[in-house]
Amino acid sequence: MHEKTIFALSSGSLPSGVAIIRVSGPAVADTAEKILGCLPPPRKATFSRFRHPSTGDLLDEGLSIYFPGPNSFTGEDVLELQGHGGKASVEAILTALASIEGLRVAEAGEFSRRAFENNRMDLTELEGLSDLIAAQTEGQRRQALSQSQGVLRALYEGWRSDIIQARALIEAELDFADEDDVPGSVSDQVWSGVLTLINQISDHLDDGRRGELIREGFSIALLGPPNAGKSSLLNALARRDVAIVTPQAGTTRDTIEISMRIGEHLVVITDTAGLRQTDDEIEREGIKRAVQAARHADLVVWLSPSDAPADLPVKLREIPNEQLLTIGTKADLATSQCEIVVSTVYTNGLDVFLRELEDRIDKRLGHGESAALSRQRHRFALNECSNCLRLSIQSKLDLELRSEHLRQAGDHLGRLTGRIDVEDLLDVIFSEFCVGK
Ligand SMILES: Nc1nc2c(ncn2[C@@H]2O[C@H](COP(=O)(O)OP(=O)(O)OP(=O)(O)O)[C@@H](O)[C@H]2O)c(=O)[nH]1
Ligand SMILES: [K+]
Ligand SMILES: [Mg+2]
């Protein structure tokens with residue numbers, strides 16, 4: 001339990017219709033007495049007058065809700081004051097709270113951190129909550145909500161308890177190893193169970209980075225020869241003049257990124273320098289970056305001008321078919337062989353192009369049917385866990401050593417959910433949160 005009681009504005013920026021101030025910690029009951037005159041009944045919205053604790057001045061009126069710990073967001077006693085969302089109203093209440101002994105303003109993410117420390121949520125749930133607050137698309141919202149409700153927690157804790165059980169059986173066998181009548185079959189069963197687990201983890205990891213792409217954005221690179229209309233297309237998609245467009249071939253050199261929503265998903269689209277042979281040093285650097293962008297993209301759109309069709313250059317031929325889409329541009333100038341054609345002059349074909357993008361993105365990211373890991377951190381820990389499990393099933397190793405590999409495998413999962421040894425991670429994770437959360 002923390003000594004200090006913390007408080008902060010937990011609703012959004014002011015002014016707003018209603019503002020919610022949250023107080024959490026051991027001094028909540030005392031704070032309620034001082035500000036409201038009494039402790040409201042648990043978990044009932046109660047009409048209250050908020051008064052200054054020493055002068056008794058009326059500061060505001062609104063609703064108060066008292067959540068006694070441990071059944072609260074933080075696991076501590078929590079009081080919520082819902083008042084008017086004026087800057088001065090909120091300031092007056094925050095100032096009054098600060099004047100009470102034992103209270104201080106909460107740091108960013110401190111309510112969530114207390115929830116974690118009091119076992120109300122594990123790390124993956126907290127990350128889900130942080131993602132939920134940041135979610136901009138339907139795909140992100142759905143994924144973050146299910147993560148905050150514990151889909152990953154359940155999966156990883158289940159795996160961890162399987163490992164712990166396996167290890168207990170192996171340790172038992174080690175203890176009895178001196179005695180003559182030990183059956184060897186127990187450990188055979190354990191190792192086949194571990195092999196199943198390795199396969200489950202590998203399936204979970206091998207998801208085409210679905211969850212990470214939903215969270216971070218699906219990347220699309222626009223490539224083509226100079227003057228194919230790449231920058232014009234980027235501007236048309238963004239509906240603003242992001243990139244310079246001129247009739248001069250070789251206008252774009254730096255890669256230019258925009259973020260937008262396509263269907264249910266966040267997408268990052270990159271405009272690049274036109275590909276051609278050139279002696280211009282700056283343009284050459286631009287072309288190098290263009291090729292890099294193509295290699296890192298989840299989808300490359302190759303723009304072939306209808307009036308001067310261009311094949312994909314050799315250095316991009318390694319891109320797998322499902323990650324490539326060729327479209328004909330400048331459809332107003334000539335007919336194209338391509339199935340999808342666009343013109344940014346008459347804005348023809350843009351809707352068909354966007355629908356094709358949406359289809360491709362949906363195919364890759366799906367609709368959140370199964371739990372997907374959403375961060376590099378998860379991928380890293382699961383890989384480490386899996387490596388340890390693979391070591392543990394090597395029958396040529398000592399049983400003691402194999403048991404030790406199992407222990408390490410379990411620890412990697414424990415770090416993932418925050419069950420063990422994560423002090424160093426906490427600052428990183430909670431720094432993503434805003435004050436009041
Ligand atoms: N007629 C016609 N002209 C277009 C169309 N799209 C772009 N243009 C023109 O083609 C020229 C080149 O367009 P950009 O968008 O700069 O082409 P780019 O591929 O970005 O060119 P670089 O950056 O130089 O590689 C400009 O003069 C545009 O106005 C189109 O759909 N139809
Ligand atoms: K150009
Ligand atoms: Mg350009």
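Values below: every heavy atom of this structure, side chains too, minus hydrogens, waters and symmetry copies. For ligands, and for the atoms within them, numbers begin at 1 and follow the listed sequence. These figures come from a predicted structure and were not determined experimentally.
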R22 to F111 six-membered ring, cation-pi geometry met (6.0 Å, 45°):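 Positive - R22 is close enough to the ring of F111 and near enough to its axis.
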
Taking only heavy atoms of [X], which atoms of ligand 1 are found under 4.0 Å from at least one of them?
X    : result
G274 : 25 (O)
N227 : 12 (C), 17 (O), 18 (P), 19 (O), 21 (O), 22 (P), 24 (O), 25 (O)
D332 : 1 (N), 2 (C), 30 (C), 31 (O), 32 (N)
G250 : 24 (O)
A249 : 24 (O)
T344 : 5 (C), 6 (N), 7 (C), 30 (C), 31 (O)
T246 : 11 (C), 12 (C), 16 (O), 26 (C), 27 (O)
L333 : 1 (N)

Does the side chain of [X] pick up a donor-acceptor pair with the side chain of [Y] at under 3.5 Å?
X    : Y    : result
T278 : D280 : no
E264 : T137 : no
E404 : Q408 : yes

More than 12 heavy atoms from other groups under 6.0 Å of [atom1] on [X]:
X    : atom1 : value
E318 : CD    : yes
R43  : CZ    : yes
R239 : CZ    : no
E322 : CD    : yes

Contact summary for I361 and H265, nearest pair of heavy atoms: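 Answer, listing the atom of I361 first, then H265: CG2-CD2, 3.8 Å.
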
G83 versus F50, closest heavy-atom pair with distance: CA-CE1, 4.0 Å

Specify the protein heavy atom at minimum distance from [atom]: its residue, its atom name, and the distance to 0.1 Å.
atom                    : answer
atom 29 (O) of ligand 1 : V245 CG1, 3.9 Å
atom 8 (N) of ligand 1  : K330 CE, 3.7 Å
atom 19 (O) of ligand 1 : K230 NZ, 2.7 Å
atom 3 (N) of ligand 1  : V345 CG2, 3.8 Å
atom 23 (O) of ligand 1 : T252 OG1, 2.8 Å

Salt bridge (Lys or Arg N to Asp or Glu O under 4.0 Å) between R355 and D362, worked out: CA-CA 10 Å; R355 257 200 310 278; D362 280 353; over 6 Å; no

Can you check whether [X] has an N/O within less than 3.5 Å of an N/O in ligand 1?
X    : result
G229 : yes
S232 : yes
S231 : yes

Near-ring test H204/Y156, centroid separation under 6.0 angstrom: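 Ring centres of H204 and Y156 closer than 6.0 Å.
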
Heavy-atom check, side chain of L233 versus side chain of L303, under 4.5 Å: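 Side-chain contact under 4.5 Å: yes.
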
Contact check, side chains of Q147 and R215, non-hydrogen atoms, under 4.5 Å: no

contact_flag T329 ligand 1 heavy-atom lt 4.0 Å: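 Outside the 4.0 Å threshold, so no.
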
Degrees at the K ion (ligand 2) between the O atom of T246 and the O atom of Q248, nearest 10°: 90°

Closest to atom 27 (O) of ligand 1 among G224, P247, P225, A228 (heavy-atom distance): P247

N, O or S of T272 under 2.8 Å from the Mg ion (ligand 3):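 Of the N, O and S atoms in T272, none lies under 2.8 Å from the Mg ion (ligand 3), which means no.
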
Heteroatom N/O/S of N227 within less than 2.8 Å of the Mg ion (ligand 3): no

The K ion (ligand 2) reached by T251 (N, O or S, under 3.4 Å): yes

Opening angle between OG in S231 and OG1 in T252, taken at the Mg ion (ligand 3), to 10 degrees: 90°

